[in-house]
Amino acid sequence: NAGVTQTPKFQVLKTGQSMTLQCAQDMNHEYMSWYRQDPGMGLRLIHYSVGAGITDQGEVPNGYNVSRSTTEDFPLRLLSAAPSQTSVYFCASSVQETGELFFGEGSRLTVL
Amino acid sequence: AQKVTQAQTEISVVEKEDVTLDCVYETRDTTYYLFWYKQPPSGELVFLIRRNSFDEQNEISGRYSWNFQKSTSSFNFTITASQVVDSAVYFCALGTGGFKTIFGAGTRLFVKA
C-alpha cells in the first residue's frame, strides 16, 4: 500500500530558484496538509486543504503556494527559494477533519 | 490561540526505567482532539493515539499509557519498562475544527542499554 508519497526525498536549491514538492495519496482522503520540521520547533503547518479546490493557510504560509486540483494530489510550490526554507517537509492526509494524520516519508530541502 | 507545550526537550533514561513525557495544551474550543506521534531515528512519523476532549479515560496499550486531565490541560504519555527501541522524538499535537492540527516542539527520548 503506497499511502502518502512525497517526491523528491532530497533536493538542493540555490537562493531564488523555484521548485515543487509533490505529494500524492491513494487513500481517498479529503484532508491534506503540508508541514515543515525544524530543529527545536516541532512541525509547523504551512498550508492545508479540506478537499479538491479548497486550500487555506496554516501557521507559516509565507513563501509557499499550494493548489488542490484533485483529491489525490497536493503539491507545494516554492516560487523563490530562500535559505530560511531549508527544512524537512512532510505531507499528510486524513480521512476526517480531526482524525489521525498519515504522513509521507518527508522531503529534505536545502537552500544555499 | 491554540498552543502545545512540551517542556522537556530531551530525556535520557536507562533501559527498563519508566519515563513520562509531558504535554500541556491551550485552546478555547470545547471540542478538540489530542494526539501523540513518534518519530524514530529513521525519520517517519508514526501515529500512537488520538483522544477527544470528552473522553478523559486513561488509556493503556502494552507498555504505553496516556493520562488526560482537562483540569490541568495536560495529556501526558508514560512508557513503562522502556526499551532501546523506544528511543525517538515524541510529538504531542492538538486538533480543533478546520483540520488545523498543531504540534508541540517534541521531546527527544534516549533509552540507554
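Note that the coordinates shown come from a computational prediction; the quantities given were computed from them, not determined experimentally. Each chain gets a letter, A, B and so on, in the order the sequences are listed, and its residues count up from 1.
When atom types are taken as modelled, the side chain of B:Tyr37 and the backbone of A:Glu100 share no donor-acceptor pair closer than 3.5 angstrom.
Heavy-atom pairs under 4.5 Å with chain A peak, among B:Leu45, B:Val46, B:Thr31, B:Val4, at B:Leu45.
Contact of B:Thr9 with chain A is not made at all, since no heavy-atom distance falls under 4.5 Å. Contacts of A:Gln57 with chain B are made by backbone atoms alone, with heavy-atom separations under 4.5 Å and no side-chain atom involved. Neither the backbone nor the side chain of A:Phe102 comes within contact range of chain B, judged by heavy atoms closer than 4.5 Å. Looking at B:Gln39, the atoms closer than 4.5 Å to chain A (heavy atoms on both sides) all sit in the side chain, from C-beta outward. Contacts of A:Ser49 with chain B are made by backbone atoms alone, with heavy-atom separations under 4.5 Å and no side-chain atom involved.
Other residues, nucleotides and ligands place more than 12 heavy atoms under 6.0 Å from the CD atom of B:Glu10. Within 6.0 Å of CZ in A:Arg108 there are 12 or fewer heavy atoms belonging to other residues, nucleotides or ligands. Within 6.0 Å of atom CG in A:Leu112, more than 12 heavy atoms from other residues, nucleotides or ligands are found, so the atom counts as buried in its surroundings.
In terms of heavy-atom proximity, A:Gly40 sits nearest to B:Ala105 at O-CB, 3.5 Å.
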- request: Take B:Thr101 and A:Leu45 through the test side chain to side chain contact (heavy atoms under 4.5 Å, CB included) and record every step on the way to the result.
  value: CA-CA 8 Å; B:Thr101 300; A:Leu45 181 63; over 6 Å; no
- prompt: Run the ring pair (Phe, Tyr, Trp, His ring centres under 6.0 Å) check on B:Phe103 and A:Tyr35 step by step: do they pass?
  reply: CA-CA 10 Å; B:Phe103 286 75; A:Tyr35 289 85; 5.3 Å; yes
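Hydrophobic clustering (ILVMFWY, side-chain heavy atoms < 4.5 Å, transitive): B:Leu109 and B:Val89 are in distinct clusters. In terms of hydrophobic clustering, with Ile, Leu, Val, Met, Phe, Trp and Tyr side chains grouped at heavy-atom distances under 4.5 Å, B:Leu48 and B:Ile11 are assigned to a common cluster. Follow the hydrophobic side-chain contacts under 4.5 Å out from A:Leu43 and you never reach A:Leu109; the two are in separate clusters. Residues B:Trp36 and B:Tyr32 share a single hydrophobic cluster, defined by chaining ILVMFWY side chains whose heavy atoms lie under 4.5 Å apart. Cluster annotation: B:Tyr33 and A:Tyr48 are assigned to the same hydrophobic cluster (Ile/Leu/Val/Met/Phe/Trp/Tyr, side-chain heavy-atom contacts under 4.5 Å, transitive).
At least one side-chain heavy atom of B:Phe91 sits under 4.5 Å from a side-chain heavy atom of A:Gln37.
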